[in-house]
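Numbers here are sequence positions counted from 1. No hydrogens, no waters, no symmetry mates; every other heavy atom, side chains included, goes into these values.
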Amino acid sequence: MKSLRARLAADPAIGAGNVLATVIAHGADLTGPGLTFDTAVDEFPAEHPLTLGELDDRVQARSAWLRDRGIGRRDVVAIWATEAADIVLSFLALTRVGAIPALLNGKMAPAIAEEYIRRLRVTGVLVDAAHQDLLREAPILGDPKELGTGDPAKAPAQYRHHQDDPVVITHTSGTTGVPKAVLHTHQTLYAALKHLLTMPQSQGTDRILNALPIPHTATILMVNQVLGNRAEMLLLSSQDAPTVLRHIESWKPHGVYGFAVTWAGLAREDLSAHDLDSVRMWFNTGDCAHEPHIRKLVAVGTRETVGREGRTTVCGSHFIDGLGSSEMGHNGFHITHTIDSDQYGRCIGKPYQFASAAVLDASGEELPPGKPGLLGFRSPSVSPGYWNDSVNTYKFRLNGWFLTGDLVYRDNTGHYYHLDRVPDAVAGFDGPQLYTSLSEERILAALPEVQDCTVIIVQEDGQFRTDVLLELPAGAGPIEERDERILAAVGAEVAATLRRITVVGEDAVPVTVTGKVRKVALRAERESGGTPAAPAARSEVLRGASPSAVEAGGGVPVVAVAGDAGGGR
């Protein structure tokens, strides 16, 4: 008899909108693992491991509540909440009745949230107590916690999804303003998971700590993945480093999933002071992670290896890095690091077997290895587009490829390397090559005392100028001592444009709801003559260090510093 995973992989009807019901229909043990949340769920206390049967019962109750209020097929219902349980359980219930949940990050600014909801043209909004008074005109259905008062015995049958049916709307980080609303279908959001069901289950995926932003596409993927794998998962409502460390020590996960901002936070901590031996694997999605942060994480934890002596446990964990976005529907690339790894330099690895990628020029023609260009991506997991926004849906398609918004190159072995986000770079096929993300990587690798850094490019008097913002630990030496090391690290082309180095506190750098730096806001500040709030120290000795600062508009640019030629993340 086929295993449950094999039966799920072969089921033509399974998709992102019916995994819970399908797993049960295929005979999964109702006393086996469901999900664990860090807050109370109805009568269950925080961190109670819901069984599969208890999870289904709580979703059925919420489905009945929604049906009693007329919510059903194709109704768009926004969810604006903070707690993981409110978002995930509401998602499962809404898809069960055929509605389309639209997930909002709880940190979204009220004015942006209201405009985003307006653009969705929702039927109603589920909003928790902390956010309810922040909405002035939205049609509020109730608090997500109220849904648990429904009668599970009166729940409607699982809605029968067609593979093309929309099942959830998530949003991008919103680095340039109101986030884009990314549509996922029953088929697209399960395509990668269906492929993974045919592969051996990876080490560390049997007990997962989810430190991903809860309203993000990645968390919905993880919920469906662990249900299909019959694995355990604790979902955290907050992704800050102290919270993650505390739960690693108390819950003993084998895998920890998160964004790059969480790894940067963990790297600031003294990891040797914590019990992290249970961790076999760290999994990163969204932006690729920085080498110094990865090296600190793989130095802790343990992993299993197979050799002449058989299966043994050794010190040091795995770190699986790659590049992903809401629109890609799943990590598009993967590379695994251990304490023995040396392939860094923003290497994002190779595409998964279910995906393909290419480096493109501005007209969509593929470029050869070693030549930087736009990242084009194809996969059955790619979103069909942006909800109520056909302009951007088609803008980010080029010659049959989805444009991710990233600048990359490919080496002769097929490995891809990330250079920058398109709006943050000055990159031309014949002109200057100024990359902010690559410069950050080089500074962090060359200056181990730097906890994190941000690089931005601004226009000043018709020239491109580069500013560096450093986050340093307390007691670090004078900033001027790092000038020459930074000049050497970033390379000659960027060094020629270097204008100012500033030491800032962690809170002085504006970020999106998912922790991505809002470089567009930093550029606007500095191009208007301002500087980040409360700099701890500043070095301007590098202004004019080179007689040949790059002129704005030179070359044949893929994009200028304020451009926008790709999808969001």
Lys350/Phe333 under side chain to side chain contact (heavy atoms under 4.5 Å, CB included): CA gap, chis, key distance, verdict: CA-CA 5 Å; Lys350 296 182 178 182; Phe333 300 81; 5.7 Å; no
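- The pair Lys194-Asp11 does not meet the salt-bridge criterion, since no charged nitrogen lies less than 4.0 angstrom from a carboxylate oxygen.
- Donor-acceptor pairing under 3.5 Å is lacking for the side chains of Asp424 and Thr436.
- Salt-bridge annotation for Arg421 and Asp287: absent, with no side-chain N of the basic residue lying under 4.0 Å from a carboxylate O of the acidic one.
- Between Leu104 and Ala78 the shortest heavy-atom distance is CD1-CB, 4.0 Å.
- In this structure, the ring of Tyr417 has its center no less than 6.0 angstrom from the ring center of His415.
- Taking the six-membered ring wherever Trp is involved, the centroid distance between the rings of Tyr344 and His290 does not fall below 6.0 Å.
- Taking the six-membered ring for Trp and the full ring otherwise, the centers of His293 and Phe319 sit at least 6.0 Å from each other.
- A distance of 6.5 Å separates OG of Ser202 from CE of Met281, quoted to the nearest 0.5 Å.
- Annotation: His318 is not in aromatic contact with Phe283 [ring centroid separation under 6.0 Å not met].
- With respect to the salt-bridge test (charged N to carboxylate O, under 4.0 angstrom), the residues Lys519 and Glu440 qualify.
- By the 4.0 Å N-to-carboxylate-O rule, Glu291 lies close enough to Arg295 to be salt-bridged with it.
- For the side-chain hydrogen bond (donor to acceptor under 3.5 Å, both in side chains) criterion with Asp165, the lone passing option out of Arg160, His186, Gln187, Arg74 is Arg74.
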